[in-house]
Amino acid sequence: MKDYKKYYIIPAEPALVYAALTNPLTIQAWTGEEAEMSVEPGSEFSLWEGSIVGKNLEFEEGKKIVQQWYFGEQEEPSIVTIKLHPHKLGTSAELRHANIPDEAYEDITEGWDHAYFAALIEFYEGE
């Protein structure tokens with residue numbers, strides 16, 4: 001199991017980025033795929049038509065999202081924490097993904113960089 005930590009600069013204020021990560025209609029706008037999401041702790045979510053699924057654990061409006069991502073049977077839950085910080089260019093998103101299965105690590109880190117955050121940054125740059 002491995003951990004991944006990275007910062008991404010998103011050209012939008014934290015409140016907008018938070019909405020883009022938690023509102024199913026906004027998620028659909030920047031991913032182009034259907035999404036199921038709620039800010040209810042304990043609710044399950046599905047992104048990119050089910051290629052990312054898990055459980056929502058904790059929310060701090062405009063500041064923090066904590067989720068458990070499912071990878072089948074795992075001893076330790078895989079936890080994703082996204083913290084949003086104001087930045088002169090918009091938002092600094094601090095990503096921390098703990099307990100990524102070794103065999104999925106490369107795909108997951110590539111996904112964070114080239115799909116998830118790349119699509120979000122492109123969405124706001126295009127406005």
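In this structure, the side chains of Ile108 and Phe71 come closer than 4.5 Å at one or more pairs of heavy atoms. The closest side-chain heavy-atom distance from Lys83 to Lys63 is not below 4.5 Å. Between Leu47 and Met37, some side-chain heavy-atom pair lies under the 4.5 Å cut-off. His85 places none of its side-chain heavy atoms less than 4.5 Å from the side chain of Thr91. Residues Leu57 and Pro41 form no side-chain contact, since every pair of their non-hydrogen atoms from C-beta on lies 4.5 Å or further apart. Between Ile9 and His87 the shortest side-chain heavy-atom distance falls below 4.5 Å. You'll find the side chain of Tyr7 stays beyond 4.5 Å of the side chain of Leu95, heavy atoms only. In this structure, Trp69 and Lys55 have side chains that are not in contact, with every pair of non-hydrogen atoms separated by 4.5 Å or more.
Rounding to the nearest 0.5 angstrom, the gap separating the CD1 atom in Ile121 from the OH atom in Tyr116 is 12.0 Å. Considering CG of Leu120 and CD of Glu125, their distance stands at 10.0 Å, rounded to 0.5 Å. Interatomic distance, Asp102 CG to Met1 CE, rounded to the nearest 0.5 Å: 8.5 Å. The line from CG of Leu16 to CG of Leu84 is 11.0 Å long, rounded to the nearest 0.5 Å.
By the 6.0 Å contact criterion, CD on Gln28 is enclosed, its count of non-hydrogen atoms from other residues, nucleotides or ligands being greater than 12.
Among residue pairs with one or both ends in residues 30-43, those qualifying as side chain to side chain donor-acceptor pair (under 3.5 Å) are Ser43-Asn56; sequence neighbours excluded.
Classification of the His97-Trp112 ring pair by plane angle, with boundaries at 30° and 60°, yields perpendicular. Classified by interplanar angle (parallel below 30°, tilted 30° to 60°, perpendicular above 60°), the ring pair Tyr105/Tyr4 is perpendicular.
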Working for side chain to side chain contact (heavy atoms under 4.5 Å, CB included), residues Val66 and Ile79: CA-CA 7 Å; Val66 183; Ile79 304 296; 3.8 Å; yes
From CA spacing to verdict: side chain to side chain contact (heavy atoms under 4.5 Å, CB included), Ile27, Leu21: CA-CA 6 Å; Ile27 293 168; Leu21 296 173; 5.8 Å; no
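Between Tyr18 and Glu60, the side chains place no donor N or O within less than 3.5 Å of an acceptor N or O (distance only, hydrogens not considered).
Minimum heavy-atom separation, Ile10 to Ala93: CD1-CB, 3.8 Å. The heavy-atom pair separating Pro14 from Gly90 by the smallest distance is CD-O, 3.9 Å. Taking every heavy atom of both residues into account, Ala20 and Tyr124 meet most closely at CB-OH, 3.5 Å.
Asn99 places no side-chain N or O within 3.5 Å of a backbone atom of Glu76 that could act as its donor or acceptor partner.
One hydrophobic cluster holds both Val39 and Phe45 under the rule that ILVMFWY side chains link at heavy-atom gaps under 4.5 Å. No continuous path of hydrophobic side-chain contacts links Val53 to Val80 [ILVMFWY only; heavy atoms under 4.5 Å].
Ion pairing between a basic and an acidic side chain is recognised when a charged N comes within 4.0 Å of a carboxylate O; Glu94 and Lys6 show no such pairing.
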